[in-house]
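Encoded as structure tokens, the structure appears first; notes follow it.
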2 protein chains.
Amino acid sequence: MTAADPAPRRGRGRPGYDQAAVLRTAVELFNRKGYDATSIGDLAKELGVTKPAIYHHVTSKEDLLRLALDDALDELTAVVGGAVEDAGSAGAYERLRGVVRRSVEVLVAHQPAVTLLLRVRGNTPVEVEALERRRWLDDRLAALVRAAVAEGALRNDIPAELVSRLLFGMVNSLAEWYRAEGTYDAAAVADALTQLAFDGLARR
Amino acid sequence: MTAADPAPRRGRGRPGYDQAAVLRTAVELFNRKGYDATSIGDLAKELGVTKPAIYHHVTSKEDLLRLALDDALDELTAVVGGAVEDAGSAGAYERLRGVVRRSVEVLVAHQPAVTLLLRVRGNTPVEVEALERRRWLDDRLAALVRAAVAEGALRNDIPAELVSRLLFGMVNSLAEWYRAEGTYDAAAVADALTQLAFDGLARR
DNA sequence: CCTACCGATCGGTAGG
DNA sequence: CCTACCGATCGGTAGG
């Protein structure tokens, strides 16, 4: 895997990357080697610049992490928050199906950032804040599952919290193998996962 | 979280840990902070000994990782290999259900080691070898899903490889939240997950 | 954006 | 001589 090409040269000066390009390459490296195992020197080499040049675009290594985590969290918050706000417009079951489908689409469209988010350990304040936002999302999803059970649309022989964890565990597992350049597009994966989760694996 | 107590003192000398106790504490730290972010000094502090004392029990930090990964891989290989060898004794569908259930049980019983395994990035030869063994397991599981589809027991409207990834993605997601001291025991989680996966989430 | 560095900490090992 | 360590420091490398 090589770095993205630099932005077009604007007449003179060095090749030149913008912050978005540095961030993209950084997230790719963080996911491939792990955040801690990726040095700023690794990132500089991948981009073909020197180590100090990185600090022209970002103030710290953790800044790169924060930018990526905020990207993933903002997208996921929009999906989950939207389903909560529409509480009156549809049943909980339909809203849950919608959240699952749109979560898959977000995960596919922002796979590198979401993958990074799912690996956060809470070692720094930036990571702790990301974990708190994730926790908020998990709580809203669990509430939506409970509502769908309460309206009689979901099986009630398994605790709703367990259902929620397993369901979104399956969604999140996409981060470990889904690649945009692969066999399946977002819609195909979203369809398959939704059908599998709600209707089950066994032939009927 | 504090370290396990040392082994009982045998009359004289220092507190004394054996390799298994050091390994247990190391894996717990690796999972809490990440492998790279955990120093031998952190491990020593957690155990209440000095850093050089760690090297009385293991030859290197990577040795600790290898011991833990081998533990998880040996257990999972036994489960998956067993289902392959019993190919004549039961249908693929029943063998698949058995593998799912026993995988959950292994994951619950060896949660720290399996969690570590699922986070391996391939940064070192030890990690690459672990990824190769994981790949072998994934291939066997995918073959078992294909066999179950072929015998007509599983739905055939979703590609078998996708079914396999989503199914074991759900199993593996347990590593992220299941804790032995929590609400659910292994059998309850194995039951819930197996029913959810095969029969689906929707009420019928 | 580069060359030239810093304070600190890393995994691992010395003699006792 | 053993097991189980300690205090100090090694050569290198991290982020900045």
Side-chain angles (χ1 to χ4, degrees), chain A residues 3-23 25-27 29-30 32-68 121 123-127, chain B residues 3-27 29-30 32-68 116 121 123-127:
Chain A
D5 288 331
R9 303 182 63 160
R10 285 178 292 275
R12 44 176 162 247
R14 305 296 165 73
Y17 294 95
D18 57 10
Q19 191 191 64
V22 172
L23 178 58
T25 303
V27 172
L29 279 177
F30 292 165
R32 192 166 69 206
K33 305 178 57 169
Y35 176 75
D36 289 303
T38 302
S39 69
I40 296 295
D42 293 335
L43 175 57
K45 189 194 289 181
E46 185 81 10
L47 290 168
V49 301
T50 59
K51 196 167 62 167
I54 300 297
Y55 292 92
H56 178 72
H57 300 291
V58 290
T59 66
S60 67
K61 187 183 175 186
E62 196 166 28
D63 191 37
L64 284 164
L65 181 62
R66 186 180 49 74
L67 288 168
R121 307 305 308 149
N123 289 337
T124 62
V126 164
E127 295 193 9
Chain B
D5 289 332
R9 303 180 65 157
R10 284 178 293 277
R12 38 175 167 251
R14 307 296 165 73
Y17 294 95
D18 58 11
Q19 192 192 62
V22 172
L23 179 58
R24 215 163 27 239
T25 303
V27 172
L29 279 177
F30 291 163
R32 193 166 67 204
K33 305 179 56 168
Y35 175 76
D36 289 303
T38 303
S39 69
I40 296 295
D42 293 335
L43 176 58
K45 189 193 288 182
E46 185 83 11
L47 289 166
V49 301
T50 59
K51 196 169 62 166
I54 301 296
Y55 292 94
H56 179 73
H57 301 289
V58 289
T59 66
S60 67
K61 187 183 174 186
E62 196 165 27
D63 192 38
L64 284 164
L65 181 62
R66 187 181 50 73
L67 288 167
L116 202 56
R121 306 305 309 150
N123 288 338
T124 62
V126 164
E127 295 194 7

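In what follows, chains are A, B, ... by sequence order, proteins preceding strands, each numbered from 1. Everything quoted here is computed from the prediction, not taken from an experiment.
Between B:Leu65 atom CG and B:Phe30 atom CZ the span is 6.5 Å, to the nearest 0.5 Å. Interatomic distance, B:Leu29 CG to B:Leu64 CG, rounded to the nearest 0.5 Å: 10.5 Å. Once rounded to the nearest 0.5 Å, the distance linking CD of A:Glu62 with CG of A:Leu67 reads 11.0 Å.
The distance between atom CG of B:Asp63 and atom P of C:dG11, rounded to the nearest whole Å, is 15 Å. Look at NE2 on A:His57: it is 16 Å from P on D:dG16, rounded to the nearest Å. A:Lys51 places its NZ atom 11 Å from the C1' atom of C:dA4, with the value rounded to the nearest Å. For the pair B:Ile54 CD1 and C:dC10 C1', the computed distance is 15 Å after rounding to whole Å. To the nearest angstrom, P of D:dC6 lies 15 Å from NZ of B:Lys45. Rounded to whole Å, the distance from NZ on B:Lys33 to P on C:dT9 is 12 Å. The distance from atom CG of A:Leu65 to atom P of D:dG16 is 12 Å, rounded to the nearest whole Å. As a whole-Å value, the separation of A:Tyr35 OH from D:dG15 C1' is 10 Å.
Using a distance-only test at 3.5 Å, with no hydrogens or angles considered, no donor-acceptor pair links the side chain of A:Thr59 to the main chain of A:Tyr55.
Remark: DNA chain C forms no stem of 3 or more consecutive Watson-Crick or G-U wobble pairs with all pair distances under 3.5 Å.
Within the nucleic acid shown, A:Thr38 comes within 4.0 Å of sugar-phosphate atoms alone, with no base atom in reach, counting heavy atoms only.
Between D:dG12 and C:dA8, the distance separating the two C1' atoms is 13 Å to the nearest Å.
Between B:Arg32 and B:Glu46, at least one side-chain nitrogen of the basic residue sits less than 4.0 Å from a carboxylate oxygen of the acidic one, meeting the salt-bridge criterion. In summary, A:Asp42 and A:Lys45 do not engage in a salt bridge, as defined by a charged side-chain N under 4.0 Å from a carboxylate O.
Between B:His56 and D:dC5 there is no side-chain N or O to OP1 or OP2 distance below 4.0 Å. The phosphate of D:dG16 (OP1 or OP2) has a side-chain N or O of A:Tyr55 nearer than 4.0 angstrom.
Not a single donor-acceptor pair, N or O on each side, falls under 3.5 Å between the base of D:dG16 and the side chain of A:Lys61.
Of the candidate nucleotides C:dC1, C:dC10, D:dC6, D:dC6 has the atom nearest to the side chain of B:Pro52. Taking the side chain of B:Ser39 as heavy atoms from C-beta on, and the options D:dC6, C:dG11, D:dG15, the nearest nucleotide is C:dG11. Closest approach to the A:Ile40 side chain among D:dG15, D:dC5, C:dG11 is made by D:dG15 (side chain taken as heavy atoms from C-beta onward).
The side-chain tip of B:Lys61 points at the ring of B:Tyr35 from less than 6.0 angstrom away and within 45° of straight on.
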